[in-house]
Amino acid sequence: MSRRGRDALLGYALVLPSLLIFGVFVFYPFGRNFWLALHRTPPFPGLPSKYVGLHQFGDVLGSEEFLKSLRVTLLFVLYTVPTGIVLGLLLAVLAHRELKGIGVYRTVFSSTVATSVAASSVIFFTLLNPQVGLFTYWLGRSGSLSVLQDPKTALIFVSITTIWQNLGLSFILMSAGLQSVPDDLYEAAEVDGAGARARFRHVTLPMLSPALFFAAVVGSIMAFQAFGQIDLLTEGGPNGATNVLVYSIYRDVFTSGNDGVAAVKAIALFVIVLVLTLVQLRFAEKRVSYAR
Amino acid sequence: MRRIRRILLVGVVVTAAATSLVSTAAGPAGAASVKCPVNALDQAKSKPVEIVMWHSMNRANEETLQALTDKFNASQSDVRVKLVNQTTYGDTFTKYRAGLSSGDLPDIVQLKDTELQGMIDSQSVVPIAACIKADKYDTTDFIPRVLDYYTVKGTLYGMPFNVSNPVLYYNKQAFQKAGLDPNKPPATLDEVRAASQKLVDTGTTKYGYAIKVDPWYLEQWLSKAGLPFVDNGNGRNKRATKVLFDNKLGVEIFSWLDAMVQDKLALNTGTSNIDDMLAIGAGNAGMTIETSANLGTILDVLGSGQFPNVTVGVAPMPGPVGKGGILVGGAALYVPKKSSPEKQAAAWKFIKFLNEPANQAQWAVGTGYVPIRKSALDDPTLKAAWAKTPEYKVAYDQLVTGVNNVATAGPVFGAYDDVRDTVVNSITAMLTSGTDPKTALHQAATKANEQIAAYNARIG
Amino acid sequence: MRADSALVAHAGVAADGRAERRRRRWKTAGRYLLLTVLAVVVLFPIYITIVNSLLRPDQIAGHPPSLFPNHPQWHTYRIAWTSGHMGRYLLNSAIVTTLIVVGQVTFAILAAYAFAFLEFPGRNLLFVLFLATMMVPFEVVFFTNYQTIADLGLLNSYGGLVIPFLATGFGAFLLRQAFLTMPRDLRDAASLDGLGHMRFLWRVVVPLARPTVAALSVFAFLSAWGQYLWPLVATNTEKVRTVQVGLRQLRDTSLDNVNVTFAGVVLASIPLVILLLVFQRQLVRGLTAGAVKG
């Protein structure tokens, strides 16, 4: 066989393992979602599925439960993403100085990277216990309705847990962004007589905008996929106040045994994330063309 | 995997053909014809026959189950039982459902009470009634209500194993301090309110009663009043199609809960199964309703010295008075059809062992669950344990008092967990978001009926 | 006269300098104060976790709360490790995460090499397929994967936890980019030296791409270590349960011994703390991979 033929065979061989895994665990389940979404699935295997066409899409996407879940998810994204970025930026700016021992502060601000979603959720769950939790005590709500069982506050505290847990990552991203701003731009601005605030507005922010945008989009995608903290803090309650999309899908499958409904919601989730990803790609493209 | 898929396809076609002939009965027409091969052990080619049991018992309960299993394995050489702990009832059921298509199934599975309709609809088990019939097994000693719970259209599907029900936990010291008789705890909801008023007025506790938002309690209160929870004979004559709690009693119960919170006589501790007990420990409440299954843990924790102001008292669950009684709760043992005949026979042998009075006594003493047969009460170990800690007897007494009728047999219907969620959500909305009791109750019933109808439609 | 005024002028300038220095010192002190306050706020949950793991349950519940353990209850760590199964959970996480990282990096290196250095029909289409997988979040496909793993008999096993994650589109994309920046004559020189593709890959290309490989490894490690949804559904017993789901299990079974739960959280976080301290640079690069460059 020619060398080109051998190269081609090698090429296929090298991508084959990945393709196999993708085929079984990405493409097949993705396609199966569409089949499931078009059928009313039985609660048990062995019983027949009934083809219902797009009716199930309509039923699910128009259902009060789905719309509430979507609203809760959007609120969660709104609570956690901008706040996380702003706080991360604030910490990054404050730690971006030539002070002695600043490295210690930088490590502290990054430290929440060392807690996983599960760890931080368990910590906050216990600290928010209505009878014995320290945070509950500080909030003056000891011996009252738990903040996690109160529909008015449950999502807020799930968000606070998430913001804290993501703080380290946000700080690292913003710091990296700050470090990439060339010093001579600051010097030039200083020479022009710009004060600290003006320098921040006219040099830092514009140069950071790609990193900010990236953090916003990736943060939103991650927020749409949130699951662990809900499972550990509120299990979707109270009364659906924290029933984000992924948790809703999880319950459809593992509590109700209703794969068809779950598949419709999964497709909705996919579309949302796809739109966000495409937005990010378009923006990255535009920025690259400006840089040229 | 392809072979399983092909078998599944054939199974689907056959089942579709078969079920199209069956009316919307609560149980498939073919249930009576499933046989239990109780004598297959004699023909087993190699002994001991090994069987696997999936359960979700934890801590002391798991230790007791293991002890009984070891005792069984050591006592004979025909059968060896291997226990596999699947951690929670939910996990066990999820795995079981996955196993129905992957083929990974145990020979005995412990599933919680509310899975009954699902297990019938899955058509995947040998009804225990078949084994009882084939073996001429005598069940006259068994507590009737316990067997009634798992009997649908005359067929007993699962063998009840761990039985519990809700009881009142109260702080005797707080009662004393508030001028209430610690030996006469409240028996009706009005009495709970009156006692709460006393506790709050005297400043003994911050609130009188800790409300755990548990849908099980609504089912129990209806049953105590002698009212069925769903239609069609509580789902036992025909498949249930709707809930029946949107009635006068339902409104009274919801209104009572709402008023207790509005009047600051009760604390809403949500769905947590520890916060209500912690509230008693912290002096924020004087009593609550919790399952008898947690009695051991509760006595340990509240009696640990950490809470010197608490002496735990246990009493029957307060509620409406009527031609009814408390419901069975807990879980049962099922025998999957897929197992070979000798494994099914082995499973039946182990189940009979667990039912023996001495073993029932050992199980009750080690866990706090209720024995399912009356002669267990003659066992000296049980007698001694219950004399020492009479709190354990409360759950049993509740089960044998009152009337045994269609209400106290308990409800059977599909989408049970979904309906329970709906009840929880409605009560939560009422207690935290200002929905009025009548509306909350009605919303719960409407949603529940939709969920039951959707489930029934998926069964075909 | 002029000397006097010069002295006065000089003194004036010196006085201004001193005032300026004093102002700067206040400003710096203020900065340190702000930084410290924020650091305390950020660190507090971690701090209180460590403290609570060493308190008795009644001290944790006590009012006013204890902020320092005077009689440290070290035994909570032993309980969490043994009857709380944290030792087993950490082992499982270590095994599963290592397998995933090694698998992902290897599969990605192989695929990236093919995309960067080899030519074969349909190469661009296949690369697009790889990229497409990045658009499909795991949460969209997890329940079908659950059934697939169940059908393969891999529930509650290391295989079930590892196999679905062996391939990564992101990794292939990242490494392909890194490989493409290598000069063409490198390959020509290698083939003159008689190096076949595989030797060229492992002896030349991978060492040159070490920073990217390290960054990918760290990213993959963090991602695999923190997984929650998949281990939750795919495991049932402590035999293979990983540390994240183990924390849930520990919390639920230690409701009356909350200090044990806190000890478990500390134990579960130690590997990541080590990662943060030892591999900080690679960590930052891994997390920002693709971010700053866009």
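Each chain gets a letter, A, B and so on, in the order the sequences are listed, and its residues count up from 1.
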Which of A/T41, A/N258, A/L148 touches chain B most, by non-hydrogen pairs under 4.5 Å = A/N258
Check each atom of A/Q131 against the heavy atoms of chain B and say whether the ones under 4.5 Å are side chain, backbone, both or neither.
-> side chain
Give a yes or no on whether A/H39 atom NE2 has more than 12 heavy-atom contacts from other residues, nucleotides or ligands under 6.0 Å away.
-> yes
Are B/T432 and A/D150 close enough that a side-chain donor and a side-chain acceptor fall under 3.5 Å?
-> no
Taking all atoms of both residues into account, what is the closest heavy-atom pair of A/S256 and B/D418, and its distance?
-> OG-OD1, 2.8 Å
Residue selection (most heavy-atom pairs with chain A, distance under 4.5 Å) from B/G90, B/A415, B/A457, B/A282 = B/A457
Do any N or O atoms from the side chain of B/K206 and from the backbone of A/G143 form a donor-acceptor pair under 3.5 angstrom?
-> yes
How far does OG of A/S144 sit from CG of B/N284, to the nearest 0.5 angstrom?
-> 8.0 Å
Taken to the nearest 0.5 Å, the spacing of B/Y416 OH from A/T255 OG1 works out to 15.5 Å
Tell me, out of B/A279, B/S433, B/A454, B/A429, who's got the most heavy-atom pairs with chain A below 4.5 Å.
-> B/A279
With no hydrogens and no angle check, do the side chains of A/Q149 and B/T271 hold a donor and an acceptor under 3.5 Å apart?
-> yes
Contacting region of A/S142 [heavy-atom separation from chain B under 4.5 Å] | backbone
Inter-residue atom distance A/L47.CG - B/I459.CD1, 0.5 Å rounding = 5.5 Å
What residue, out of B/G270, B/S272, B/S122, B/A285, has the most heavy-atom pairs lying under 4.5 Å from chain A?
-> B/S122
Mind checking whether B/S124 and A/F44 have side chains closer than 4.5 Å, heavy atoms only?
-> no
Tell me, out of B/G118, B/A98, B/G281, who's got the most heavy-atom pairs with chain A below 4.5 Å.
-> B/G118
d(B/N425 CG, A/N239 CG) to nearest 0.5 Å is 4.0 Å
For B/L267 and A/L145, work out which heavy atoms get closest and say how close.
-> CD1-N, 3.8 Å
Looking at A/G240, A/S146, A/P151, which one has more heavy-atom pairs under 4.5 Å with chain B than the rest?
-> A/P151
Hey, is the main chain of B/R458 close enough, under 3.5 Å, to the side chain of A/R40 for a donor-acceptor pair?
-> no
Least distance between heavy atoms, B/D421 atom then A/R251 atom | OD2-NH2, 2.8 Å
Minimal heavy-atom distance between A/F254 and B/R97, with the atoms involved, is O-NH2, 3.7 Å
A/K50 atom NZ, over 12 foreign heavy atoms within 6.0 Å | no
Among the listed options A/G237, A/P238, A/G257, the residue most often paired with chain B at heavy-atom distances under 4.5 Å | A/G257
